[in-house]
Amino acid sequence: MSRPPRCIDFGADAPALARALIGATLRVDGVGGVIVETEAYDGDEPAAHSHRGPTPRTAAMFGPPGHAYVYRSYGIHWCLNFVCREAGHGAGVLIRALQPTHGLDTMRARRGLTDERLLCAGPGRVGQALGITAAHYGLSLCEAPFDVRPAPAGVPVQVLTGPRIGISQAQDLPWRFGLAGSRYLSRPF
């Protein structure tokens, strides 16, 4: 019997990877769930942190694919992105929402609430629930503490597409992806 793949192929472009991650499972130190919402960012478009080229803050986005790009949003929330494409390009996928399935008690303690639907509904909430910090910056997504697994083979995943949220540039790109019917999305499509 063959074992399921341990890790996702991160060589795809950002929109393709963002779509493919819907239904995949993400855990950090055993805590996590099913990815139900993502957003794609590419250095060729102005909303991406990598658009102006490498900086100390964005260096991980230009590194090899399959690594974590972590940044602080509004100086408060740690956000997790999966670097994709070839090294030097500057593309990634923001993990916007999860359906919590593993380590719910840990997530509840970290978030200070009990409503399962709100534990990981938004990128800042995902970061807090999973315990993401600057220490995760640049780490491989194919090694501990990360465990990223594709959606189970043969399970149909209906993906919704729409504009990204909370950006002021390149708003017309339909690079937000979500699991149809999920009650764990950060916002409806």
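Excluded from the calculations below are hydrogen atoms, water molecules and symmetry mates; all remaining heavy atoms, backbone and side chain alike, are included. The shown structure was predicted, so the numbers you read here are calculated from the model rather than taken from an experiment.
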For atom CD of Q158, decide whether the heavy atoms of other residues, nucleotides or ligands shown that lie under 6.0 angstrom number more than 12.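 At most 12 heavy atoms, drawn from other residues, nucleotides or ligands, come within 6.0 Å of this atom.
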
Heavy atoms from other residues, nucleotides or ligands near CZ of R52 exceed 12 (cutoff 6.0 Å): no

How close do [X] and [Y] get, heavy atom to heavy atom, and via which atoms?
{"X": "A18", "Y": "F177", "result": "CB-CD1, 3.5 Å"}
{"X": "G131", "Y": "H136", "result": "O-CE1, 3.2 Å"}
{"X": "A68", "Y": "L80", "result": "CB-CD1, 3.9 Å"}
{"X": "G162", "Y": "F189", "result": "N-CE2, 3.7 Å"}
{"X": "P15", "Y": "W175", "result": "CG-CE2, 3.3 Å"}
{"X": "A97", "Y": "Y184", "result": "CB-O, 3.4 Å"}

Taking the side chain as every heavy atom from C-beta outward, state whether [X] and [Y] have any atom pair closer than 4.5 Å.
{"X": "L139", "Y": "V70", "value": "no"}
{"X": "D42", "Y": "R85", "value": "yes"}
{"X": "V36", "Y": "R183", "value": "no"}
{"X": "H49", "Y": "Y41", "value": "no"}
{"X": "R125", "Y": "L98", "value": "no"}
{"X": "I8", "Y": "F82", "value": "no"}
{"X": "F146", "Y": "L26", "value": "yes"}
{"X": "T38", "Y": "I95", "value": "yes"}

Rounded to the nearest 0.5 Å, what separation is found between the [atom1] atom of [X] and the [atom2] atom of [Y]?
{"X": "E116", "Y": "M107", "atom1": "CD", "atom2": "CE", "result": "8.5 Å"}
{"X": "E45", "Y": "I167", "atom1": "CD", "atom2": "CD1", "result": "6.5 Å"}
{"X": "E37", "Y": "R187", "atom1": "CD", "atom2": "CZ", "result": "9.0 Å"}
{"X": "W78", "Y": "I132", "atom1": "CH2", "atom2": "CD1", "result": "10.5 Å"}
{"X": "R117", "Y": "Q99", "atom1": "CZ", "atom2": "CD", "result": "12.5 Å"}
{"X": "L185", "Y": "R176", "atom1": "CG", "atom2": "CZ", "result": "6.5 Å"}

Are L173 and I165 in one and the same hydrophobic cluster, where Ile, Leu, Val, Met, Phe, Trp and Tyr link if side-chain heavy atoms are under 4.5 Å apart?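 They do not share one cluster, since no chain of ILVMFWY contacts under 4.5 Å joins L173 to I165.
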
Using atom types as modelled and distance alone, determine if a side-chain donor or acceptor of [X] lies under 3.5 Å from a backbone N or O of [Y].
{"X": "H51", "Y": "G43", "answer": "yes"}
{"X": "R72", "Y": "I76", "answer": "yes"}
{"X": "R111", "Y": "L119", "answer": "yes"}
{"X": "R108", "Y": "T114", "answer": "yes"}
{"X": "Y71", "Y": "R57", "answer": "no"}

Partner of P123 by side chain to side chain contact (heavy atoms under 4.5 Å, CB included), out of E39, Q128, H77, R96: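 Checked E39, Q128, H77, R96 against P123; only one passes side chain to side chain contact (heavy atoms under 4.5 Å, CB included): R96.
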
Checking side chain to side chain contact (heavy atoms under 4.5 Å, CB included) between F10 and each of S140, P65, P64, which is the one that passes?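 Running side chain to side chain contact (heavy atoms under 4.5 Å, CB included) over S140, P65, P64 with F10 returns exactly one hit, P65.
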
Taking only residues two or more places apart in sequence, or in another chain, which ones meet R19 in a salt bridge (Lys or Arg N to Asp or Glu O under 4.0 Å)?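 Scan of R19 (salt bridge (Lys or Arg N to Asp or Glu O under 4.0 Å), adjacent residues dropped) gives none.
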
